[in-house]
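Sequential numbering from 1 along the given sequence is applied to the chain's residues.
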Amino acid sequence: MSNEQSIIYWCKDCNVPLLDKKCGVCEGEIFEIKLSGPGDIRFCSPYERELLGKLLLSEFGRDPLGERLVLLNKISGEDKTAQVIVDGLNIGTLLFDMSLMEHRFEMSEAGAQVLHGMVESRTVILKQTKMPLHGKNVSSVLIESATNDIKKGDPVIVVSGNLVGVGISLVDGDNMATPDGPVLRVRKISSSDLKLSSRVATIEDAITANLPHLRKIGKNAMNTIKGIASQKEHRKLPVHVSFSGGKDSLVVLDLALSALKGRDVRAFFLNTGIEFPETVEFVHSHCEKRGIELIESKAENAFWENLESFGPPAKDFRWCCKVCKLGPAGAIIDQCSEDGGVCLTIDGKRKFESFSRSNISASEKNPFVPNQLNIFPIRDWRAIEVWLYIHWRKLDYNPLYDVGYERVGCYLCPAELSAEYERLKDLHPSIYDRWNSFLLKWAKSKGLSDEYVRHGMWRWKELPPKMLKLASELGIETEPSSVIDDFDITLTSGFSPCREGGFTVEASVKGVLVSEASAILNMLGSTVFSEELGMVLLKMDSGTVKFFSSGSLKVTANSKEDAHSCLEATAKQLLRASKCTECGICLKVCPVNAIELGSEKGRVYINDSCIRCGKCTDGCVVLKYSDKILSAMLNGGK
């Protein structure tokens, strides 16, 4: 993301956030706010506002924010973690503590300065001193007074003369006079005297101040839709909006209806069978209310039918996407495409949602679903722009956003935050009990504890460092008693002619994650990796390979010989990814430095500078005897 995209502005007079440097209401003072993380800032939901108020009340005895606009800016953390911005000030961080499995609020230096004078609790007064306090440990000799509500580890307001900041108490408040060792660590402290604005703005004020910007981005989005849909080769094509029931697809549906007046615009909905009831109800009611034709494709009970075979899906093992999304999506596109032609699909994907989406173009052919051309009219929008548009247009939206969900998807999705998953327990206890009972049973069969499930560790096939650290701190065993599948590849169908011409062969692969496959298969041809669908598509000169996180692998080629060649070459690289010892030989033989070992992308990662010379394959120790290993596995080969 560019620097410009990690910035918003604030009108001091109107006391509202701005997406442009100019306020649409006044000529008052505008100041800049630099955002951490991707900068996908949004308005605090009613549930989150209530939660924040309760935390402030329990920690400081008062919620001083009242009816003010509160913004949340997502930043990196164990789970849900967001900067809290009020009146243009970053007053702290709202986070979900994965150790305690509960929300916490950590005030910032600005937050301490705002709260000072408004609250009387969790405050330590220091004697005035010339010694620097910033980042220092303080002993009892500098303590003038401390409120008795302070517990060891609490964040506290620190005051020394005209300096105000934030610190961490190293002892209980009534032990501040203890002479042995430091009693307080000062994090940040300065003489700034920050206060909340005397003006309390509303969402309507924010809309009015940003109206020129909203009109501009709305017009640009509609021009993107019209520009592509009105091209000569697209004028007569059916137009559909991918309507998930989420906020982004809601906005593009409204934009499409406005941009393509007089043209038939339909909505399609992939019902995975594990959608929230609120989402299914909203999709149907919204389309009915607006007179929009809805095409729904249902996965029915597909998830539960495959669950025993695959186990719980994970962030790095999204077998569910193939079963619940890819099949139904293909069925819809086939239904929507006239005479096998292209179907125009307007989609609400945005660059700010994830790193994998950061390079979205205005339109793209879908490599995973034939006959689909996707248009992404709001690819550059941030969440705050989406929400301002929704409120400006007075659009009804999915009620899940008001009760604790930042994004709407399947209720048991491993990509969901633990903070959101905990809400399922309150909102739909019967659904939660069914899924949680399965997870506990599955964990027990693997020799893993209930705490492994409770702290959300089932959501990864291979735990990332942050979760391994958490497990270590909590004393949770992360190694299953049953051995993780070693590498294996087995033909599930022989080489056979396919209806469209050429030959296909299918196999089942164990011991390789789809992310690991994506990291290495680039050396065989061009690859496209979809984390959302849990699959990688490899295009080679002699054929095409699709590998799914479920372990399913399908090869399509012009001839039986080409299909076998593609299968064998792919199997070699998957074996290499699975068995890599990180010896470094491949690094030495690569003439273009295209290989990385032991990175977050996989044990072997081959970047786009690869010239596919094959020298790393020839020099790989793992592959020295691969012919014998693979011939035994692919015994139905030729």
So Tyr389 and Trp392, would you call those rings parallel, tilted or perpendicular, with 30° and 60° as cut-offs?
-> perpendicular
Between the side chain of Asp149 and the main-chain N/O of Arg122, is any donor-acceptor distance below 3.5 Å?
-> yes
Taking every heavy atom of His103 against every heavy atom of Ala419, the minimum-distance pair comes out as NE2-CB, 3.9 Å
Is a salt bridge present between Glu420 and Arg423, judged by a nitrogen-to-oxygen distance below 4.0 Å?
-> no
Salt bridge between Asp248 and Lys349, side-chain N to carboxylate O under 4.0 Å?
-> no
Under a 4.0 Å N-O cut-off, is there an ion pair linking Arg49 with Asp63?
-> yes
Side-chain donor-acceptor contact under 3.5 Å, Ser285 with Glu288 | no
Main-chain N/O of Cys14 paired with Arg199 side-chain donor or acceptor, under 3.5 Å = yes
Side chain Asp172, main chain Lys151, donor-acceptor under 3.5 Å = no
With the side chain counted from C-beta on, respond yes when Ile85 and Leu35 share a heavy-atom pair under 4.5 Å apart, and no when they do not.
-> yes
Would you find a donor on one side and an acceptor on the other, under 3.5 Å apart, between the side chain of Asn223 and the backbone of Asn220?
-> no
Output the distance between atom SG (Cys23) and atom CG (Asn210), rounded to the nearest 0.5 Å.
-> 7.5 Å
From the list Lys12, Arg68, Lys195, side-chain hydrogen bond (donor to acceptor under 3.5 Å, both in side chains) partner of Asp87 resolves to Arg68
Glu48 bridged to Lys80 by N-O distance under 4.0 Å = yes
Decide, yes or no, whether a salt bridge links Arg42 with Asp40 under the criterion of side-chain N to carboxylate O below 4.0 Å.
-> no
Within a strict 4.5 Å, meaning less than it, do heavy atoms of the Leu19 and Arg382 side chains meet?
-> yes
Does Glu144 CD have over 12 foreign heavy atoms under 6.0 Å away?
-> yes
Which heavy atom of His455 sits nearest a heavy atom of Ser99, and at what distance?
-> CE1-O, 3.2 Å
Quick one: sort the His428 and Phe276 rings into parallel, tilted or perpendicular, breaks at 30° and 60°.
-> tilted
